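Down below is the structure, laid out as structure tokens.
Not measured: the values here are computed from a predicted model. The sequence lines fix the lettering, A, B, ..., with proteins before strands; numbering per chain opens at 1.
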Amino acid sequence: MSARDEILNRIRAGRAGPKPYPGSGPVPQRGQVGGEERKALFTRMAVQAAATVDRASSRADVPSLVKNYLSQHNLPAEARLAPDPRITELDWASQPLLNTSIGGTDGSHPVSVTGAFAGIAETGTLALTSGASSPTLLNFLPETHIAVVDAKDLTGTYEELWERLKAQYGEVMPRTLNLVTGPSRSGDIEQTILMGAHGPKRLHIILVDEP
Amino acid sequence: MQSTSHLFKDNAARALNDAHLQQALTHVRTKFITKRQDAMDALPEFDALRDAARDLKNHVLSRLDEYLVEFEGNVVKNGGRVHWCATPADARKTILDICRTAGAKTVTKGKTMVGEEIGINDHLAANGIEPIETDLGEYIIQLRNEPPSHIIAPSVHVTRDQVEATFRKIHTDLDPNRNLTEPSSLLHEARVKLRGRFLVADVGITGANFLIANTGSTTIVTNEGNGDLTQTLPRIHIVLAGIEKIVPSLQDAGLLLRVLARSATGQEMSAYTTFSTGPRRPGDVDGPDEFHVVLVDNGRSKLLGTEFEEMLRCIRCGACLNHCPIYHNVGGHAYGWVYAGPIGAITTPALIGIEHASPLPEASSLCGRCEQVCPVRIPIPKMLRHWREEAFERRLHGNRARWALKAWAALATRPALYRLAMRVGVGVLGMLGSRRGRFSSLPLAEAWTRHRDLPAPQGRTFMAMYRGKK
């Protein structure tokens with residue numbers, strides 16, 4: 001008998017009669033907000049998780065906001081852009097002091113700029129899906145990760161996120177879905193939280209009101 | 001991993017006399033508890049979510065076979081492979097075969113408790129493949145050649161000074177005069193050291209917090225991002241998971257995520273929650289070429305339908321350790337095997353046999369805090385009592401303990417006799433101890449009086465006073 005059959009047989013011999021599916025619990029009231037309230041909640045929760053958030057009235061403002069963020073924090077003026085048309089089609093030439101290149105990363109890029117599939121206001125979390133326009137390593141290898149999320153892509157709750165995923169991807173999930181809540185951290189030395197363990201030391205979110 | 005659970009008393013005595021350990025444990029006694037409380041206070045639905053999480057897990061366990069088969073089908077549909085392993089030896093062989101086929105020299109690892117259960121690191125190393133732990137805490141204890149002492153904070157027993165000493169001893173290629181005073185400089189050193197290892201590893205092994213039946217996805221939850229580098233950079237991603245990790249859908253994982261981080265670290269969400277479905281897709285810029293899920297039973301399926309079934313609801317948050325007065329005092333290594341604290345005291349006998357772990361269910365005052373804080377409401381004290389009964393029935397206690405328990409049972413089941421014995425005992429002890437008010441030694445009670453005085457009874461028994469009031 002295969003290990004598979006052995007395990008399944010043991011389960012069938014031991015398990016009780018099927019109990020009905022009880023549902024996935026209450027949806028926290030906190031996230032059930034829309035409009036400006038949703039944006040404010042997303043911002044508040046992301047900041048609580050040690051991310052920083054800038055507001056842009058339109059995508060056209062993104063290149064200058066990226067440049068300003070990097071210079072304010074004395075960070076290298078270079079950005080690896082995700083091959084995402086929402087990012088690459090912006091007017092990066094408007095920032096002559098900012099070096100940009102496009103593609104994935106092997107760890108040699110200090111700063112990445114990526115799009116986001118969604119943001120979840122309930123916990124200030126970004127949802128990033130992998131694909132040709134969104135290499136996963138851009139979310140992890142650079143020391144600074146700048147993510148651009150459109151206000152229309154904010155969900156209040158996780159329930160709305162799962163619905164949107166299904167609407168976009170159908171039955172087949174993307175290879176990787178990253179839910180990112182703040183920058184990388186570790187509490188493994190005397191339970192004191194330190195930022196920048198293996199992933200980005202800084203997570204900066206640009207929330208765009210009107211694409 | 002070789003168990004020393006049967007030596008709990010010796011282990012605990014050593015732990016209580018270990019000054020470094022006692023210093024390190026002060027952080028558990030305070031920080032985890034307040035953070036969890038703050039997270040609870042910020043979410044009014046928290047208790048209702050715990051009820052829902054319990055009910056969901058009970059439902060899953062009642063249909064575990066169906067969900068596992070559904071999960072398998074969806075992993076395969078997305079280009080991955082599922083390996084069923086009944087025993088730790090099966091799982092070790094499966095993983096070694098995958099690594100050998102790939103010609104792997106180094107394997108990076110995210111945190112996996114099942115990996116500890118099956119002893120995968122030693123097995124890989126013995127076969128010429130270097131395993132590299134990448135979670136900071138796991139990295140620290142790998143360098144120190146120690147097992148984890150906590151489910152989510154594996155190096156919680158190590159002080160900052162000890163981390164510095166370990167890094168200086170192992171990282172001999174770095175400047176011996178470098179300044180490592182700040183914890184952040186230790187973190188930075190580990191980051192730089194491990195970054196190099198991530199980039200060249202052939203295989204990445206992660207655990208799984210959840211397996212999602214209707215999408216064939218596996219989920220990991222980390223704060224460092226080490227799990228994501230582990231599973232994205234190498235050519236092969238192996239997920240090592242216990243069969244009880246399955247949930248029906250993303251919504252259900254969402255429910256458990258709402259209670260997991262809050263119970264564990266008091267965060268709303270851990271920094272990184274990652275869902276992985278199959279290998280890299282056409283057009284993807286990065287990600288592994290192969291995706292393997294190794295499903296491990298190791299004694300879990302035989303708990304179904306027994307009084308121990310409910311322990312399979314565990315989502316490994318560590319809250320019961322963080323709130324346990326015994327764990328606070330002896331730390332994790334005293335428990336002698338992979339899982340420490342209250343959940344370890346009920347899981348270890350189930351997985352390695354009560355005959356090898358009979359002191360663990362005794363290592364509790366049954367205060368009930370573990371059950372109070374459990375996000376899936378596992379009745380841990382009830383199970384500790386079940387294990388005590390089983391140990392008694394299987395004659396695992398010494399003769400003296402058996403005799404004492406039998407004498408106690410004879411008294412406790414005969415109320416008239418019990419009251420008489422109490423009246424006589426309290427009277428005699430009260431008289432004997434009336435001068436000093438306490439006993440520093442007493443026949444049959446050395447286990448108590450060796451460490452502290454026993455207060456002498458004062459006045460009448462409770463029942464006598466109760467009758468007097470009526």
Side-chain angles (χ1 to χ4, degrees), chain A residues 2-4 6-8 10-12 14-26 28-30 45 48-49 103-104 107 123 125 130-132 135-137 140 158-159 162 165 172-192 194 196-199, chain B residues 27 31 43 45 48-49 52 55-56 58-59 61-65 78 84-86 90 136-137 153 155 160 163 183-184 186-187 191 194 199 215 217 223-226 228-229 232 250-252 254-255 268-269 271-278 280-281 283-287 297 301-302 304-305:
Chain A
S2 71
R4 180 182 188 275
E6 186 189 330
I7 294 168
L8 289 173
R10 257 202 311 264
I11 292 171
R12 285 169 191 146
R15 67 166 213 188
K19 296 188 175 96
Y21 176 68
S24 54
Q29 207 64 46
R30 181 207 289 171
M45 297 309 294
Q48 186 182 312
T123 53
T125 300
S130 65
T136 299
L137 289 172
F140 292 97
Y158 281 87
E159 280 68 12
W162 311 131
L165 267 174
V172 178
M173 288 272 285
R175 149 67 194 165
T176 308
L177 164 66
N178 295 124
L179 302 181
V180 176
T181 312
S184 161
R185 70 201 64 196
S186 174
D188 277 340
I189 300 174
E190 300 200 336
Q191 311 327 110
T192 304
L194 300 167
H198 293 294
Chain B
H27 303 290
K31 290 184 188 170
L43 190 72
E45 294 89 349
L49 288 162
D55 296 345
L56 174 75
N58 283 344
H59 163 75
L61 292 173
S62 79
R63 297 183 52 184
L64 189 57
D65 51 330
N78 285 302
W84 300 73
C85 298
D90 293 349
L136 177 62
S155 65
R160 193 218 65 86
V163 177
S184 58
L186 294 167
L187 177 70
R191 178 186 171 107
L194 283 166
L199 293 168
T215 63
S217 310
N223 269 320
E224 300 183 4
N226 63 306
D228 291 281
L229 295 179
T232 312
L250 291 168
Q251 283 88 328
D252 303 307
L255 164 61
E268 294 277 334
M269 282 280 279
Y272 301 113
T273 300
T274 299
F275 298 79
S276 308
T277 313
R280 178 199 289 228
R281 307 282 165 77
D284 278 1
V285 183
D286 46 32
D297 182 349
S301 59
K302 72 172 198 285
L304 290 168

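If you run side chain to side chain contact (heavy atoms under 4.5 Å, CB included) between B:T273 and each of A:L179, A:V180, A:L177, only A:L179 comes through.
Side chains of A:N178 and B:T274: a donor-acceptor N/O pair is present below 3.5 angstrom, by distance only. B:E224 and A:S184 form no side-chain donor-acceptor contact under 3.5 Å, judged by distance and modelled atom types alone. In summary, the side chains of B:D252 and A:Y21 do present a donor paired with an acceptor at a separation below 3.5 Å, with no hydrogens or angles considered.
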Worksheet item: What's the verdict on side chain to side chain contact (heavy atoms under 4.5 Å, CB included) for B:T277 and A:V172, showing C-alpha distance, side-chain angles and the deciding distance?
Response: CA-CA 8 Å; B:T277 313; A:V172 178; 5.7 Å; no

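The candidate with the highest count of non-hydrogen atom pairs below 4.5 Å against chain B, out of A:P135, A:A3, A:G182, is A:P135. The choice from B:R280, B:R63, B:K302, B:M269 that makes the most heavy-atom pairs within less than 4.5 Å of chain A is B:M269. Highest contact tally toward chain B, considering only A:S2, A:P174, A:P183, is held by A:P174 [criterion: heavy-atom pairs under 4.5 Å]. Comparing B:V285, B:D284, B:L250 by how many heavy-atom pairs each has under 4.5 Å with chain A, the most go to B:L250. If you tally non-hydrogen atom pairs under 4.5 Å between each of A:R175, A:Q191, A:K19 and chain B, the highest count goes to A:R175. Among A:G187, A:G196, A:G104, A:G17, the residue making the largest number of heavy-atom pairs under 4.5 Å with chain B is A:G196. For the set A:P20, A:G23, A:S130, the count of heavy-atom pairs under 4.5 angstrom toward chain B peaks at A:P20. The greatest number of non-hydrogen atom pairs below 4.5 Å with chain A, out of B:N78, B:D228, B:L194, B:L186, is found for B:D228. Ranked by heavy-atom pairs under 4.5 Å with chain B, the list A:T176, A:T192, A:T125 is led by A:T176. Between chain A and the options B:A52, B:G283, B:A271, the largest number of non-hydrogen pairs under 4.5 Å is found for B:A271. Contact tally against chain A (heavy-atom pairs below 4.5 Å) for B:L61, B:L304, B:D65, B:N58: the top residue is B:D65.
Counting only heavy atoms from C-beta outward, the side chains of B:N223 and A:S186 never approach each other to under 4.5 Å. Side-chain contact between B:S217 and A:M173 is present, with at least one heavy-atom pair separated by less than 4.5 Å. Looking only at side-chain heavy atoms (C-beta outward), A:T181 and B:Y272 stay at 4.5 Å or farther from each other.
Ring pair A:W162/B:F275 is perpendicular by interplanar angle, where above 60° counts as perpendicular and below 30° as parallel.
For B:L136, the parts sitting under 4.5 Å from any heavy atom of chain A are the backbone and the side chain alike. For A:Q48, the part sitting under 4.5 Å from any heavy atom of chain B is the side chain, from C-beta outward, and nothing else. Both the backbone and the side chain of B:D55 come within contact range of chain A, each with at least one heavy atom under 4.5 Å from a heavy atom of that chain. Both the backbone and the side chain of B:R160 come within less than 4.5 Å of a heavy atom of chain A.
Using a cut-off of 4.0 Å between Lys/Arg side-chain N and Asp/Glu carboxylate O, A:E190 and B:K31 are scored as not salt-bridged.
With B:R191 contributing its side chain and A:G199 its backbone, the two residues share a donor-acceptor pair below 3.5 Å.
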